[in-house]
Amino acid sequence: MNRKNWLIVGISGVTCSGKSTLAKELHKKFDDSIVIHQDSYFLSPDDPRHVKIPALNHINWEILSSLDMNKMYSDILKLIESKPKRSDKSDKELRRVLILEGFLLFGFKPISNLCELKYFLTLNKEECWKRRSIRTYSPADVPGYFDAFVWPEYLKYLSVIKQNDQASTELIFLDGTIESHEMVQMVLTKIQDLLS
């Protein structure tokens, strides 16, 4: 595996905390970087593997089984095992940046283990609801879904990764309410240190 040719940065955390924005801004800063969003791997709404919530007539989208994580992992491996690019100026192999972003990213151990840097964005419940209530989802959230599933599933995920000694010592927690440019600068500095 050509993992040494990649610096893999994982960005996870609560819904609406700025994960996608952070990933996109970092992507702009590094030529030839790649972003893979976990949201691209949601199962289709008619997939029989989904867990249904009869009381709300809704799918539970907040759990790992609502995503094809094996496909995501397979796509990441294909990418990092591909032939590395070389600098025009020398035969030295370039180390590229791969940014993985997703609300349950570290819940899937094979992907979590690939990440050299692990960021986890947090929000309190009130701020999270304020942001989520003005976002459009397809399918849309149904009344009661946030309180009954979105927030409790997030707390479960956070608890699980905090209990994993390796993951909890590697995680860098970021407050999702800090200014976007400040957050980008903090992460950018750390990545640049590792690439130098």
Side-chain angles (χ1 to χ4, degrees), residues 6-30 33-42 60-64 66-67 69 72 76 97-109 111-137 140-141 144-196:
W6 293 89
L7 171 57
I8 303 177
V9 181
I11 301 170
S12 191
V14 69
T15 179
C16 301
S17 57
K19 300 179 301 296
S20 297
T21 301
L22 176 58
K24 285 172 193 167
E25 289 303 311
L26 290 172
H27 177 48
K28 289 180 193 172
K29 304 284 185 189
F30 294 99
S33 63
I34 293 174
V35 181
I36 296 177
H37 298 281
Q38 188 179 36
D39 282 3
S40 304
Y41 294 88
F42 272 117
N60 187 348
W61 296 99
E62 313 309 311
I63 52 179
L64 272 177
S66 68
L67 298 137
M69 295 305 295
M72 184 178 184
I76 293 166
V97 177
L98 173 59
I99 303 158
L100 307 177
E101 177 271 322
F103 73 119
L104 292 174
L105 194 69
F106 304 139
F108 190 74
K109 207 162 185 178
I111 290 177
S112 181
N113 290 345
L114 291 174
C115 300
E116 193 168 334
L117 280 176
K118 297 180 185 181
Y119 288 94
F120 195 97
L121 280 62
T122 63
L123 290 173
N124 65 40
K125 186 179 181 182
E126 292 69 29
E127 181 63 24
C128 185
W129 166 245
K130 191 169 109 180
R131 294 183 184 189
R132 183 154 176 132
S133 64
I134 58 172
R135 281 182 58 176
T136 305
Y137 289 90
D141 285 355
Y145 181 66
F146 180 85
D147 283 324
F149 290 91
V150 176
W151 190 255
E153 293 292 358
Y154 159 67
L155 294 179
K156 269 192 229 169
Y157 169 53
L158 182 58
S159 173
V160 167
I161 59 173
K162 279 185 170 177
Q163 285 169 18
N164 177 334
D165 290 340
Q166 184 185 349
S168 61
T169 56
E170 294 172 345
L171 284 177
I172 301 166
F173 287 90
L174 295 175
D175 180 349
T177 63
I178 66 174
E179 292 293 332
S180 177
H181 68 275
E182 288 179 40
M183 191 183 295
V184 171
Q185 194 53 53
M186 287 164 61
V187 179
L188 185 61
T189 302
K190 186 79 172 169
I191 293 172
Q192 287 168 332
D193 286 347
L194 290 174
L195 289 175
S196 60

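Residue numbers run from 1 in the order of the sequence given. Values below: all heavy atoms of this structure, side chains included; hydrogens, waters and symmetry mates excluded. If you're wondering where the values come from, they're calculated on a predicted model, not measured in any experiment.
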Rounded to the nearest 0.5 Å, what separates atom CG in L7 from atom CG in L195?
5.0 Å
For F103 and W61: C-alpha separation, side-chain torsions, deciding distance, then whether side-chain contact (heavy atoms from CB on, under 4.5 Å) applies.
CA-CA 11 Å; F103 73 119; W61 296 99; 5.9 Å; no
Does the Lys NZ or Arg CZ of R132 fall within the cation-pi geometry relative to Y137 - under 6.0 Å from the ring centre and within 45° of the axis?
yes
For a side-chain contact (heavy atoms from CB on, under 4.5 Å) check, start with the C-alpha distance between F108 and L67, then their side-chain angles and the critical distance, and finish with the verdict.
CA-CA 11 Å; F108 190 74; L67 298 137; over 6 Å; no
Residue pair L188 / L26: nearest heavy atoms and the distance that separates them
N-CD2, 4.1 Å
Euclidean distance, E127 CD relative to C16 SG, rounded to 0.5 Å
9.5 Å
How close do N60 and S66 get, counting heavy atoms only, and between which atoms?
O-CB, 3.7 Å
Which residues pass the ring pair (Phe, Tyr, Trp, His ring centres under 6.0 Å) test with Y41, sequence neighbours left out?
none
In Å and rounded to the nearest 0.5 Å, what is the CD1 to NZ distance from I11 to K118?
13.5 Å
Under a 4.5 Å cut-off applied to non-hydrogen side-chain atoms, are M183 and Y119 in contact?
no
Of all heavy-atom pairs between L123 and T15, which one has the smallest distance, and what is that distance?
CD1-O, 4.0 Å
Could you tell me whether a side-chain N or O of S159 sits under 3.5 Å from a main-chain N or O of L155, the two making a donor and an acceptor?
no
Approximate separation, where rounding is to 0.5 Å, of I161 CD1 and L171 CG:
5.0 Å
Smallest heavy-atom separation, D141 atom then Y145 atom, equals OD1-CD2, 3.5 Å
With a 3.5 Å cut-off and no angle check, do the side chains of E25 and T21 form a donor-acceptor pair?
no
Contact check, side chains of I99 and F30, non-hydrogen atoms, under 4.5 Å:
no
Examine K19 relative to F106 and say whether NZ or CZ is less than 6.0 Å from the centre of the six-membered ring and inside a 45° cone about the ring axis.
no
Identified side chain to side chain donor-acceptor pair (under 3.5 Å) partner of E101 from the options H37, H27, K24:
H37
Interatomic distance, F120 atom CZ to L174 atom CG [nearest 0.5 angstrom]
10.5 Å
If you look at every heavy atom in P152 and F146, which pair is closest and at what distance?
CD-O, 3.8 Å
All ring pair (Phe, Tyr, Trp, His ring centres under 6.0 Å) counterparts of Y154, not counting sequence neighbours:
W151
When you look at V184 and K29, which way does the side-chain contact (heavy atoms from CB on, under 4.5 Å) test go after all the steps?
CA-CA 10 Å; V184 171; K29 304 284 185 189; 4.2 Å; yes
Are more than 12 heavy atoms, taken from residues, nucleotides or ligands other than K125, located less than 6.0 Å from that residue's NZ atom?
yes
Keeping S12 on the side-chain end and G102 on the backbone end, is there a donor-acceptor pair under 3.5 Å?
yes
Shortest non-hydrogen pair, E62 vs L104, comes out as O-CD1, 3.5 Å
L158 vs T122, test: side-chain contact (heavy atoms from CB on, under 4.5 Å). Steps then yes/no.
CA-CA 10 Å; L158 182 58; T122 63; 5.6 Å; no
Using side-chain hydrogen bond (donor to acceptor under 3.5 Å, both in side chains) as the criterion, list what pairs up with S133, not counting sequence neighbours.
none
From L121 CG over to S20 OG, what is the distance, rounded to the nearest 0.5 angstrom?
10.0 Å
